[in-house]
**Student:** 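Take a look at the following structure, please.
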Amino acid sequence: MRLKTDEVVSGVFLVGGPDVTRGEDAAVYLIDFSGDLVLIDSGAGGSSSQIVRNIEMLGLNPASLSKVLLTHCHIDHVGSASFFREKYGAKIVIHELDAGALETGDSVRTAANWYGTIFPPTKIDEKLKDAHVILKFGQEELHCLHTPGHTPGSISIYLDRADKRILFGQDIHGPFNQAFGSDITAWKKSMQLLLDLEADILCEGHFGIYQPKDRVRNYIERYLEEYE
């Protein structure tokens, strides 16, 4: 078992993912808002205890988790969400266009069939509806942007902290599949929206953390060129 965390900026940590917990996990990021903790994605479902231990190793209390923000409905991102609600009372938050896949346990839309498993129907506590939703934590704001393309309800999240704009852009690279409801035209518009943010740091879902600003831009533009 690997127990490794990475601090992105003050109070923003990588606590799960292929090089942290298990290979099937997408990246799991933790934001500490002065003791109020938020997870961005939750891994594929088999690493719940490891994610908890990684949070504890940072000197933080998993019982302080208030929200699990899900960037989209695929199982490598949502698998442990129900664990964190049941154990700690964290609210599961996802865009309304991807919520149905979780609520019905749709093995195709959640991509559970790709992993040879099932995803049990899961209650959603908060469904994002608008193109831009701001969640407030004390004096800070966490911005949730609807960025469809990979899935209809994909979101990207950004936070301004320590004079840096941190972008959580999971699965910017795709893949694009009709069974997921993918839409490359919508995705291109979403990527332009992300480029316009001029983020200093990109926390990606599978391929790591990119900085400074020019590396973030180059990463996004490389995929745009690939799908010209």
Side-chain angles (χ1 to χ4, degrees), residues 6-17 26-42 64-74 77-78 81 84 90-99 124-173 186-206 208-217 219-221 223-224:
D6 187 11
E7 187 166 26
V8 181
V9 298
S10 178
V12 178
F13 306 94
L14 174 68
V15 295
V28 182
Y29 296 98
L30 177 75
I31 306 175
D32 178 12
F33 290 102
S34 300
D36 188 354
L37 305 182
V38 173
L39 271 186
I40 296 179
D41 287 337
S42 66
S64 297
L65 283 167
S66 64
K67 294 184 187 295
V68 180
L69 285 177
L70 301 176
T71 59
H72 61 288
C73 61
H74 290 163
H77 297 260
V78 307
F84 290 107
K91 303 295 186 185
I92 297 177
V93 184
I94 192 169
H95 193 276
E96 63 176 353
L97 294 179
D98 272 19
I124 303 303
D125 299 293
E126 298 178 27
K127 298 177 186 179
L128 304 176
K129 295 179 172 61
D130 296 332
H132 185 177
V133 176
I134 300 174
L135 304 177
K136 295 192 176 183
F137 299 88
Q139 298 301 308
E140 290 191 288
E141 297 180 338
L142 194 58
H143 298 259
C144 303
L145 305 177
H146 184 210
T147 50
H150 179 48
T151 68
S154 289
I155 65 168
S156 301
I157 299 162
Y158 75 89
L159 170 71
D160 293 326
R161 177 178 286 186
D163 295 321
K164 302 285 185 184
R165 174 158 290 179
I166 308 107
L167 170 62
F168 302 91
Q170 314 287 65
D171 288 19
I172 280 175
H173 58 281
W187 170 81
K188 288 179 179 179
K189 292 179 181 177
S190 295
M191 292 306 99
Q192 188 57 56
L193 179 66
L194 297 188
L195 287 171
D196 291 344
L197 292 175
E198 297 190 346
D200 299 286
I201 303 171
L202 170 63
C203 296
E204 215 273 339
H206 294 272
I209 298 166
Y210 294 81
Q211 56 183 314
K213 188 176 293 187
D214 61 340
R215 287 195 70 214
V216 176
R217 174 167 289 276
Y219 180 87
I220 298 171
E221 288 180 340
Y223 285 104
L224 280 169

**Student:** List the residues meeting side-chain contact (heavy atoms from CB on, under 4.5 Å) with Leu195, not counting sequence neighbours, and say none if there are none.
**Tutor:** Gln192, Arg217, Ile220, Glu221, Leu224

**Student:** Taking atom CG of Asp32 and atom CG of Leu65, what is their separation to the nearest 0.5 Å?
**Tutor:** 10.0 Å

**Student:** Determine whether a donor-acceptor pair (N or O, by modelled atom type, separation under 3.5 Å) exists between the side chain of Asp98 and the backbone of Cys73.
**Tutor:** yes

**Student:** Please identify each residue that fulfils side chain to side chain donor-acceptor pair (under 3.5 Å) with Ser156, with sequence neighbours left out.
**Tutor:** Thr147

**Student:** Distance from Cys144 atom SG to His95 atom NE2, nearest 0.5 Å?
**Tutor:** 10.0 Å

**Student:** Check step by step if side chain to side chain contact (heavy atoms under 4.5 Å, CB included) holds for Leu159 and Val9.
**Tutor:** CA-CA 11 Å; Leu159 170 71; Val9 298; 6.0 Å; no

**Student:** Could you tell me which non-hydrogen atom of Ser42 sits nearest to which non-hydrogen atom of Val78, and how far apart they are?
**Tutor:** OG-C, 3.2 Å

**Student:** Checking Arg215 now: which residues fulfil salt bridge (charged side-chain N to carboxylate O under 4.0 Å, His left out) with it, not counting sequence neighbours?
**Tutor:** none

**Student:** Which atom names give the shortest non-hydrogen contact between Leu70 and Ile94, and what distance separates them?
**Tutor:** O-CG1, 3.8 Å

**Student:** Name all residues meeting the salt bridge (charged side-chain N to carboxylate O under 4.0 Å, His left out) criterion together with Asp36; count only those two or more places apart in sequence or in a different chain, and write none if there are none.
**Tutor:** none

**Student:** Which atom pairs, one a donor and one an acceptor, fall under 3.5 Å between side chains of residues 127-137 and the rest of the protein, sequence neighbours left out?
**Tutor:**
{"from": "Lys127", "atom 1": "NZ", "to": "Glu103", "atom 2": "OE1", "distance (Å)": "3.3"}
{"from": "Lys127", "atom 1": "NZ", "to": "Glu103", "atom 2": "OE2", "distance (Å)": "3.0"}
{"from": "His132", "atom 1": "NE2", "to": "His143", "atom 2": "ND1", "distance (Å)": "2.8"}

**Student:** Tell me whether Gln170 contacts the main-chain N or O of Gly205 through its side chain, where contact means a donor paired with an acceptor under 3.5 Å.
**Tutor:** yes

**Student:** Can you sort out the partners of Thr71 under side chain to side chain donor-acceptor pair (under 3.5 Å), two or more places apart, ordered by chain and number?
**Tutor:** Asp41

**Student:** Rounded to the nearest 0.5 Å, how far does CD1 of Ile40 lie from CD1 of Ile157?
**Tutor:** 4.0 Å

**Student:** Taking only residues two or more places apart in sequence or in another chain, which ones pass salt bridge (charged side-chain N to carboxylate O under 4.0 Å, His left out) with Glu126?
**Tutor:** Lys67

**Student:** Please examine the side chains of Leu39 and Val15, heavy atoms only from C-beta on, and report whether any two atoms are closer than 4.5 Å.
**Tutor:** yes

**Student:** Any sub-3.5 Å donor-acceptor pair from Trp187's side-chain atoms to Ile172's backbone N or O?
**Tutor:** yes

**Student:** Taking side chain as C-beta onward, heavy atoms only, is Leu142 less than 4.5 Å from Phe33?
**Tutor:** yes

**Student:** Walk me through whether Leu97 and Thr151 qualify under side chain to side chain contact (heavy atoms under 4.5 Å, CB included).
**Tutor:** CA-CA 9 Å; Leu97 294 179; Thr151 68; over 6 Å; no

**Student:** Would you give the length of the straight line joining atom CG of Asp171 to atom OH of Tyr223, rounded to the nearest 0.5 angstrom?
**Tutor:** 10.0 Å

**Student:** Applying side chain to side chain donor-acceptor pair (under 3.5 Å), name anything that partners Tyr219, two or more places apart in sequence or on another chain.
**Tutor:** Glu204

**Student:** Would you say that more than 12 heavy atoms from the other residues, nucleotides or ligands in this model lie under 6.0 Å from the NZ of Lys188, or not?
**Tutor:** yes

**Student:** After noting the C-alpha distance and the side-chain angles of Phe168 and Val8, does the key distance pass the side chain to side chain contact (heavy atoms under 4.5 Å, CB included) rule?
**Tutor:** CA-CA 11 Å; Phe168 302 91; Val8 181; over 6 Å; no

**Student:** Glu7: which residues meet the salt bridge (charged side-chain N to carboxylate O under 4.0 Å, His left out) condition with it, sequence neighbours left out?
**Tutor:** none

**Student:** Which residues pass the ring-ring contact (aromatic ring centres under 6.0 Å, His included) test with His77, not counting sequence neighbours?
**Tutor:** His72, His206

**Student:** Step by step, work out the side chain to side chain contact (heavy atoms under 4.5 Å, CB included) result for Leu145 and Leu197.
**Tutor:** CA-CA 11 Å; Leu145 305 177; Leu197 292 175; 3.8 Å; yes

**Student:** Are any non-hydrogen side-chain atoms of Leu37 and Phe13 less than 4.5 angstrom apart?
**Tutor:** no

**Student:** For a quick test of reading the model, state the closest non-hydrogen atom pair linking Leu202 to Gly169 and the distance between them.
**Tutor:** CD1-N, 3.8 Å

**Student:** Only pairs at least two apart or in different chains count here, so list each salt bridge (Lys or Arg N to Asp or Glu O under 4.0 Å) that has a residue in residues 155-166.
**Tutor:** Glu140-Arg161, Asp160-Arg165

